[in-house]
Every structure is written in C-alpha cells, then in structure tokens.
2 protein chains.
Amino acid sequence: MSQPESALDAALEKLREQHVRITPQRKLILDYLMTHENHPPVETIYQELAPQMASLSLATVYNTLNLFVELGIVIEIPNENGGVRYDFFGRPHYHAICENCGKVTDIYDPNLPQIDEMLQNTAKTQSGYTFNSSHIELYGLCPECQAKGITLAS
Amino acid sequence: MSQPESALDAALEKLREQHVRITPQRKLILDYLMTHENHPPVETIYQELAPQMASLSLATVYNTLNLFVELGIVIEIPNENGGVRYDFFGRPHYHAICENCGKVTDIYDPNLPQIDEMLQNTAKTQSGYTFNSSHIELYGLCPECQAKGITLAS
DNA sequence: CTCGGTGCAAAGCGTTTGCACTTTC
DNA sequence: GAAAGTGCAAACGCTTTGCACCGAG
C-alpha cells in the first residue's frame, strides 16, 4: 500500500485506526474540509459536493460531520445565525471572526501551546476539571469591513 | 434587597444610556442572569421566571436575550445539543465546559487580560482584524464526571 | 456474508415572526 | 401621543430519524 504522503491519506489512516468505515462520501467530505480554508456551513459543503457525487444526500453530510466532530478531526465554530461552521483541525489554531460579515480566519500562533497550558493550569486549579481541548475565538472586524467604514453597534 | 447602587441598577443605567427601553420583563431577565451562575439555556430561564410574571412569553425571553447579546451585556456559550446558554458577562472570564454533563464553570484568571492582549496582538498582526472581545472555552471533564470514572471517546 | 452507512422523506424542535394590544418615554 | 415592546400562535429552517437498500470489511 502507498505511504501516507498526502494529508488526506494520513487522516484516512486515523479513521481506520478508530474502526470507522471509509466510504466514498466520507472521503469526499474529509478532502473538502482539508482543502478549504473557508470554514463552510453544512449547506455550502453539500452544494459544492453534490455535483461531484450526484447521489450525495444532505443527511449524510450532517451525519458525517457529526462523526468527524466526535472523532476530534473537525471542530465546530458557532455561527451568529444559530448555524455552525466546520473547521478541519489538523494543526492547533484559533479564530478571528468578523462580527459584520461573519468571515472566520485561522490564526496560527507559535505561543499558542504555552498560552493553552497557562489557561488549562489555572482552570484546573480553580475548577478541578481535566481538559483535552481548547477553543479560542476573537471577535472583531476584518480588514475589508474596516475599510468599508463599518463600526460595531456595541 | 436592591439598593440604589446595586449591580442591577448599574446595568439598567447602561441600558438607559443606549436608549433601550426598560420594561419589567427586561428587568426580570437581567436580574435573573446576574444572580444565577448556572449559565441557563433559554427554556430554563423562561420556566423559572414564568411563575413570577404569569404573562411572560417565551418569545419575549428570546427577543430580550438576543438584545442583551447585541448590547454586549451577555454572551452566548454554545451548547453541545445545538442550543445556546447565556452568561452575564460582568467581569471578563473564560469557561471550563464538561464534555460529558455539559456543565459550564467560570474561570477568573488574573492573567487573562495579558493573555488576551497577546492573542489579539498576534491575531491582528497576522490577519489585520481589529478586535473587541474574546471567547475562550476549555473542554474536558468536571470533577464529578471524573469521579464517575467517565473517559472521553476521542 | 454481515454490519454499518447511505439516501430519501418525514418528523422534530428550537427560534423567529406577524399582528393586535399594551406600555414606556 | 408616538414609538417600541409584549404576547400569542403560526411559520421557519436547520438537524435528526426511520426504514429499505447498498457496500465496505
């Protein structure tokens, strides 16, 4: 068999290890998530993949995404309109979210591991929780919306 | 039990400044949020307040909470089941969230302002966003669920 | 060959909305 | 008195579910 040269293969291997069946649909959706930085909502994923797999159903997209979230391959980002966006979480990062247009930008911060540890230490001391993941979101205005002269209500 | 200078009055004053009408319903809901650390979902808020104001409608609770979020008085915390919990945000803090029982515990960290600044600086440099608020959630197991011997699937 | 996954359509459920009435400022 | 908020119920839209068929292991 081929070496896991591609990130997709590596991710599929991870699925196999967890005894999750690899179907064309799951492969397709995983590949989509890995190659799109746009943090798409479910409907978008479905619409963009439907042409490539005519029979793909929306329910399968939902089911698959929920599965990936449970497996920790993907994380959910809350969407102002009550919806959810999905983000392939191959490398730890946090998010800059535009409160005007809803855009989500990944931030890769070399200090993140240390910051994360500080947060978890403090939280563990204060609350007694044990942790295994962190989500950080910064809310503000993206450059484009700033340029439009938009200011925030609050 | 309310003095002229209570936290509730201060918050109401803040509403007045933003030209938001102060109704008995808004007062009631705001007071509830300020005096309950349990990060309740909408349905809970409604059920606990209904006895105190027989005519209160669920729609008003929704409308009011949305208003408070827009005004920045309250923040939303994503709830695993697609729902949302509400948290009066009087003092900056972050959250420890139990992945098993869903409990949300506030963490008040003296280093939070500095950490926040670091995050925002890095993010601003990388993305060009301007920021005005941060949300941090740490996911894990609360002490009670640890005691039950629960371990996480992922 | 077996069990899990998919597709379809219907059901579910939290949230929003339209309209008439009431209340705040 | 005018504009905004409330309550009720219906409408909405996203997500889940039941069931029969299909395909991965």
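Below, each value reflects all heavy atoms present in this structure, side chains not excepted, and no hydrogens, waters or symmetry copies. Everything quoted here is computed from the prediction, not taken from an experiment. A, B, ... follow the sequence lines: proteins, then strands. Residue 1 opens every chain.
Each of dT6(C), dG14(C), dA9(C) was ranked by its minimum atom distance to the side chain of Ala59(A); first place goes to dA9(C). The listed nucleotides are dC14(D), dT16(C), dG4(C); the one nearest the side chain of Asn66(B) is dT16(C). Of the candidate nucleotides dA24(D), dT6(D), dT16(D), dT6(D) has the atom lying nearest to any side-chain atom of Thr64(B). Nearest to the side-chain atoms of Arg21(A) among the listed nucleotides dA24(D), dT24(C), dG7(C) stands dA24(D). Among the nucleotides dA9(C), dG7(D), dG5(D), the one closest to any side-chain atom of Arg26(B) is dG5(D).
Residue Tyr62(A) places no side-chain N or O under 4.0 Å from the OP1 or OP2 atom of dT16(D). Listed pair Thr60(A) / dG7(C) meets the phosphate criterion, a side-chain N or O lying under 4.0 Å from OP1 or OP2. Contact annotation: Gln25(A) side-chain N/O to dG7(C) OP1/OP2 distance is under 4.0 Å. Between Thr23(A) and the phosphate of dA24(D), there is no side-chain N or O to OP1/OP2 separation shorter than 4.0 Å.
When each of Arg16(B) and Leu58(B) is assigned the nucleotide of DNA chain C with its nearest heavy atom, Leu58(B) is the one assigned upstream, toward the 5' end.
Surrounding CD of Glu37(A) are at most 12 heavy atoms belonging to other residues, nucleotides or ligands under 6.0 Å away. Residue-environment remark: NZ (Lys27(A)) stays at or below the threshold of 12 foreign heavy atoms within 6.0 Å.
You'll find the side chain of Lys124(B) stays beyond 4.5 Å of the side chain of Thr122(B), heavy atoms only.
The distance between atom CG of Leu28(B) and atom P of dG7(D), rounded to the nearest whole Å, is 10 Å. In this structure, Asn63(B) places its CG atom 16 Å from C1' of dT23(C), rounding to the nearest Å. For Arg85(A) and dT15(D), the CZ to P distance is 12 Å, given to the nearest whole Å. Lys27(B) places its NZ atom 15 Å from the C1' atom of dG5(D), with the value rounded to the nearest Å. Protein atom CG of Leu65(A) is 11 Å distant from nucleotide atom P of dT6(C), rounded to whole Å. Rounded to an integer number of Å, the gap from CE of Met53(A) to C1' of dG5(C) is 12 Å. The CD-P distance, from Glu43(A) to dC14(D), rounds to 7 Å in whole Å. Between the CD atom of Glu17(B) and the C1' atom of dC25(C) there is a distance of 17 Å, rounded to whole Å.
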Inset, instruction - Would you sketch DNA chain C in dot-bracket for me? Only Watson-Crick or G-U wobble pairs with both distances under 3.5 Å count, crossing pairs as [ ], other-strand pairs as |, the rest as dots. - result: |||||||||||||||||||||||||

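Counting only N and O atoms by type, the side chains of Glu137(A) and Tyr94(A) include no donor and acceptor under 3.5 Å apart. For Glu48(B) and Tyr32(B), the side-chain atoms include at least one donor-acceptor pair closer than 3.5 Å.
Of the charged side-chain nitrogens involved, none lies within less than 4.0 Å of a carboxylate oxygen, so that Glu17(B) and Lys14(B) do not count as a salt-bridged pair.
Between His95(A) and His93(A), the angle of the ring planes goes over 60°, which puts this pair in the perpendicular group of the 30/60° scheme.
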Legend entry - side-chain hydrogen bond (donor to acceptor under 3.5 Å, both in side chains) between Gln120(A) and Ser134(A), worked out: CA-CA 9 Å; Gln120(A) 293 198 8; Ser134(A) 311; 3.2 Å; yes

